[in-house]
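Here's the structure we're looking at; comments come further down.
Only this structure's heavy atoms are used, side chains among them; waters, hydrogens and symmetry mates stay out. Protein chains get the first letters and strands the later ones, always in sequence-line order, with residue 1 at the start of each. Note that the structure is a prediction, hence the values are computed from the model and not measured.
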Protein chains: 2
Amino acid sequence: MIHLIIHLMSTKSSPRAPLRLRNASPNRRERVTEHRAVGVTAAPTFKPIHTRRTFEEICERIREQLALGILKPGDKLPPERDLAQQLGVSRNVLREALRSLEMAGVLRLQKGVKGGAFIQEGDTRRMNEVMRDMLSLGTISVRELSEARVHVLDLVVQLACAHARRADLDALEANIERTELATKEGRLLDRVECSREFYKLLAAATGNKVIAMIVDSVTEIHMRFVYAKVASSGVAMARLAEKRRQFLSALSERDAALASRLLRSHLESVQRMLEQDPGSMSLHVALADVQPGMRR
Amino acid sequence: MIHLIIHLMSTKSSPRAPLRLRNASPNRRERVTEHRAVGVTAAPTFKPIHTRRTFEEICERIREQLALGILKPGDKLPPERDLAQQLGVSRNVLREALRSLEMAGVLRLQKGVKGGAFIQEGDTRRMNEVMRDMLSLGTISVRELSEARVHVLDLVVQLACAHARRADLDALEANIERTELATKEGRLLDRVECSREFYKLLAAATGNKVIAMIVDSVTEIHMRFVYAKVASSGVAMARLAEKRRQFLSALSERDAALASRLLRSHLESVQRMLEQDPGSMSLHVALADVQPGMRR
DNA sequence: ATTATTAAATGGATCACCCATTCAATGGAA
DNA sequence: TTCCATTGAATGGGTGATCCATTTAATAAT
């Protein structure tokens with residue numbers, strides 16, 4: 001574990017001293033003298049308003065260090081007290097920044113001696129949170145999300161057919177076996193979990209983490225609907241494992257057209273199942289228990 | 001503007017009073033007595049470690065209200081001082097939560113009387129930030145992002161062909177005209193901006209905001225490469241507007257195959273242009289000036 | 001050697017202030 | 001009356017001191 005002592009001085013823009021945005025105008029009266037160039041009728045050069053707040057400034061500087069590779073996952077920031085002093089800000093406002101970055105999945109704060117603020121590996125679940133917030137705020141709809149999912153999954157099938165490796169196929173096979181077992185033993189909700197995992201594995205099989213992240217984010221909400229539906233109705237998709245096997249077989253033989261057809265058909269039947277009970281795809285179901293998966 | 005007075009009491013879980021996680025054990029010595037069931041050898045029911053910090057708790061409760069539709073975009077939260085008292089937490093820790101939510105694009109904090117914490121419309125640029133962070137942290141690579149972009153854009157072309165409306169096509173047409181003008185006047189960087197806008201409009205033409213958000217997020221970084229390349233080399237894609245016109249024509253005639261072919265060919269030539277100068281697609285270029293577009 | 005105790009480091013949280021901005025109310029001048 | 005300047009209150013922005021809780025290493029006791 002590298003314990004960097006980091007100078008969070010800005011690398012771009014003028015080499016300003018510790019933030020010190022505060023106390024800029026100790027006396028309001030002096031402000032009047034700021035009016036400049038009284039008689040000049042030239043282009044009114046408005047000051048670029050920089051009412052950037054210090055916590056934003058701090059977030060930005062830390063992200064800057066990340067972007068420059070000076071900070072990397074596993075690194076530790078200086079203790080809050082030290083860093084606050086380095087930056088010339090109060091500990092309180094520094095913590096506002098650190099918590100924001102923690103919420104954003106960039107940092108993890110850990111208590112105790114040898115604790116501190118550690119840079120994290122990127123948490124791909126952040127995108128799920130974005131989707132949830134967008135849904136909560138009404139920016140996107142359940143319909144758009146479902147539609148996007150169908151299209152994205154189709155793309156994923158193409159890519160998975162092209163790029164899936166032995167290990168990916170094996171993982172999918174193992175998943176199907178778990179699905180079969182859960183089916184035999186009547187553990188319906190476990191089977192839903194298997195489904196969730198199935199799509200995760202399929203996404204991973206594309207070999208592209210960006211695509212995988214996108215797929216996960218659009219699948220997450222959908223699986224909640226399925227989970228809720230299965231939990232309440234007690235019924236579940238028939239011949240699930242069997243269908244998965246057919247699909248995996250097509251995937252193994254790189255038959256994208258067939259795999260695509262099989263998946264689309266499955267998605268449609270699931271959709272029909274969900275829509276039997278209007279309201280099973282309500283926002284409420286999608287958003288219940290907000291952020292249970294995130295940072296626990 | 002609705003001024004809700006909101007009770008941020010949790011709706012799920014027990015009707016607990018204001019958070020009051022603190023002062024739980026005023027005296028360390030008393031802790032010893034917490035050991036329970038001394039002689040019981042039964043299943044060791046470990047406490048589920050709920051070291052959830054209050055700022056997380058607060059974020060969750062506010063998101064809960066969003067999910068339940070009690071809070072909607074445009075609503076205002078109570079003043080910090082009031083809300084802190086309602087929740088039984090200090091103002092500082094409340095602010096940590098509010099700032100996190102602001103960074104997440106859920107809130108906007110506004111100063112002055114009649115100011116406050118306002119729920120925002122969902123900011124779709126949040127996904128761009130996620131991409132940038134993932135790139136910074138090395139979770140995803142430039143290659144994966146570029147690759148994903150190509151595939152996603154192909155999907156977008158299919159969808160845009162199917163769903164583009166008159167207004168969408170007109171907007172694209174107008175964009176091409178701006179591109180032509182910029183070309184004539186030699187404003188190369190403006191032309192790059194036109195390109196950025198072009199993909200945004202194309203994404204919007206799918207009629208699906210989820211897809212649009214995804215496209216924007218994978219295109220954002222790419223346009224930085226193009227911008228940097230054009231800015232440094234002074235050269236730019238030849239016959240850009242012309243190619244766009246051909247593409248738009250195919251789109252108008254709902255010829256997805258042709259449109260797809262045209263776009264892919266264009267993307268490839270751009271890629272060749274970028275790769276002429278190795279290093280032009282470096283992380284540094286992608287991440288310079290982190291978060292300039294976000295909340296300025 | 002092993003185990004219990006202690007102490008220090010560090011994040012978690014509170015309190016009491018003060019500043020800066022904004023906006024409505026007020027009041028005086030045209 | 002109408003308009004503009006002043007004022008004051010509401011509210012977010014920020015500070016510093018202080019305490020608590022957790023974690024770990026060093027130390028002491030067995």
Roughly how many Å is it from CD in A:Q85 to P in D:dG14, rounded to a whole number?
19 Å
Residue whose closest nucleotide on DNA chain C lies nearer the 5' end, A:G116 versus A:N92:
A:G116
How many Å lie between CD on B:E56 and P on C:dG12, as a whole number?
9 Å
How long is the span from the CG atom in A:L77 to the CD1 atom in A:I119, to the nearest 0.5 Å?
5.0 Å
What I'd like to find out is whether the side chain of A:R52 reaches to under 4.5 Å of the side chain of A:E60, using heavy atoms alone.
yes
Spacing between B:R91 atom CZ and C:dC15 atom P, to the nearest angstrom:
13 Å
Round to a whole Å and report the spacing from CD of A:E96 to P of D:dG13.
8 Å
Please tell me if the side chains of B:T124 and B:K209 come closer than 4.5 Å, counting only heavy atoms from C-beta onward.
no
Identify which nucleotide among D:dA17, C:dG11, D:dG14 has an atom closest to any side-chain atom of B:R95, counting heavy atoms from C-beta outward.
D:dG14
How many Å lie between CD1 on A:I58 and C1' on D:dG14, as a whole number?
11 Å
For D:dG14, does either OP1 or OP2 sit under 4.0 Å from a side-chain N or O belonging to A:S90?
no
Closest nucleotide of DNA chain D for A:G115 versus for A:V93: which of these residues is on the 5' side?
A:V93
Return the value, rounded to whole Å, for the distance between atom CZ of A:R81 and atom P of D:dC19.
13 Å
Looking at A:R125 and A:E129, is any side-chain nitrogen of the basic one under 4.0 Å from a carboxylate oxygen of the acidic one?
no
A:K111 side chain, from C-beta outward: closest of D:dA21, D:dG14, C:dA13
D:dA21
Length of the CG-C1' vector between A:L98 and D:dG14, whole Å:
16 Å
To the nearest Å, give me how far apart CG (B:L94) and P (D:dG13) are.
11 Å
Base, sugar-phosphate, or nothing: which does B:R99 touch, judged by heavy atoms less than 4.0 Å apart?
sugar-phosphate
Does a side-chain heavy-atom distance below 4.5 Å link A:R63 with A:L101?
yes
Considering only heavy atoms from C-beta outward, does the side chain of B:M213 approach that of B:D216 to under 4.5 Å?
no
Are there any protein N/O atoms within less than 3.5 Å of an N/O atom in nucleotides 8-10 of chain D, and if so, which ones and at what distance?
unit_1 : atom_1 : unit_2 : atom_2 : d
D:dA10 : N3     : B:V113 : N      : 3.3

Is the shortest side-chain heavy-atom distance between B:R53 and A:R99 below 4.5 Å?
yes
